[in-house]
Amino acid sequence: QVQLVESGGGLVQPGGSLRLSCSASGRTFSRKAMGWFRQAPGKEREFVAAITWTLVSTYYSDYSDSVKGRFTISRDNAKNTLYLQMNSLKCEDTAVYYCAARDSRIGSRRLNEFDYWGQGTQVTVSA
């Protein structure tokens with residue numbers, strides 16, 4: 001089974017930035033769409049961002065409306081690593097952030113369409 005390990009969470013003030021990383025095991029990282037989800041206290045886990053590619057291996061990104069323009073998802077297939085650059089952080093971004101992967105090149109926003117999950121990393125935005 002693919003193993004995902006997240007890092008980079010922490011405590012930041014509003015307006016600050018963090019970069020989350022997700023290191024993946026396995027030999028088929030480049031053939032999997034990847035995503036980030038988050039779960040705030042008392043709320044359901046929600047989609048944040050995903051990265052995928054076309055049939056000619058061109059990468060495309062997708063973002064929830066709440067983070068669009070502030071967060072950037074990227075991947076380095078040579079390093080088997082997924083990133084989430086988070087800028088202009090708001091208090092409402094406070095959550096546990098999860099890295100996820102699916103056995104498809106096509107991206108998804110649905111929790112149940114992802115096959116592998118990391119353990120989560122805490123992001124706290126507070127003044």
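We use all heavy atoms of the structure for the numbers below, so side chains are in, but hydrogens, waters and symmetry mates are not.
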Ring centroid separation F114 to F37 under 6.0 Å: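 Centroid separation for F114 and F37: below 6.0 Å.
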Near-ring test F71/W36, centroid separation under 6.0 angstrom |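 Not under 6.0 Å, so no.
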Discussion item. Looking at Q13, I'd like to know if its CD atom is crowded, meaning that more than 12 non-hydrogen atoms belonging to other residues, nucleotides or ligands lie closer than 6.0 Å.
Written reply: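 12 or below, so no.
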Point to revise | Q3 atom CD, over 12 foreign heavy atoms within 6.0 Å | key: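 Incorrect, the count does not exceed 12.
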Any side-chain heavy-atom pair of [X] and [Y] under 4.5 Å:
X    : Y    : result
S104 : K32  : no
V123 : L20  : yes
L11  : S126 : yes
L82  : I51  : yes

Can you give me the closest heavy-atom contact between [X] and [Y], atom names plus distance?
X    : Y   : value
R38  : A95 : CB-CB, 3.8 Å
A127 : P14 : N-CD, 3.6 Å
Q39  : E44 : CG-C, 4.1 Å

Tell me whether [X] shares a hydrophobic cluster with [Y], the cluster being built from Ile, Leu, Val, Met, Phe, Trp, Tyr side chains joined at under 4.5 Å.
X    : Y   : value
M86  : V67 : yes
L84  : V96 : no
Y97  : V12 : yes
W117 : M34 : no
L18  : L4  : yes

Without swapping roles, check the side chain of [X] against the backbone of [Y] for a donor-acceptor pair under 3.5 Å.
X    : Y    : answer
D115 : D103 : yes
T81  : K79  : yes
E6   : G120 : yes
T121 : G9   : yes

- Item | Salt bridge flag under 4.0 Å for residues D93 and R70 |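 Yes, this pair counts.
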(message) For S108, give me all partners under side-chain hydrogen bond (donor to acceptor under 3.5 Å, both in side chains), at least two apart in sequence or on another chain.
(response)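 By the side-chain hydrogen bond (donor to acceptor under 3.5 Å, both in side chains) rule, S108 matches E113.
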*Is it possible for you to check whether R19 lies under 6.0 Å from the centre of the six-membered ring of Y83, through NZ or CZ, and within 45° of that ring's axis?*
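Yes, cation above the ring, under 6.0 Å and within 45°.
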Query raised in the report: On the ring face of F47, is R110 found with NZ or CZ under 6.0 Å from the centre and within 45° of the axis?
Result: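 Relative to the ring axis of F47, which defines the angle, R110 lies outside at least one limit.
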**Asked** Distance from I73 atom CD1 to S61 atom OG, nearest 0.5 Å?
**Response**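 That separation rounds to 6.0 Å.
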If you round to the nearest 0.5 Å, how far is CG of N80 from OG of S23?
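Those atoms lie 8.5 Å apart.
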field: S64-S66 side chain donor-acceptor pair, cut-off 3.5 Å
entry: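 The criterion, which ignores hydrogens and geometry beyond distance, is satisfied for S66 and S64.
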### T72 vs Y63, side-chain contact (heavy atoms from CB on, under 4.5 Å): CA-CA, chis, key distance, verdict
CA-CA 8 Å; T72 302; Y63 301 92; 3.8 Å; yes
For this session: List the steps and the verdict of salt bridge (charged side-chain N to carboxylate O under 4.0 Å, His left out) for K68 and D65.
Result: CA-CA 5 Å; K68 192 174 299 182; D65 290 339; 3.6 Å; yes
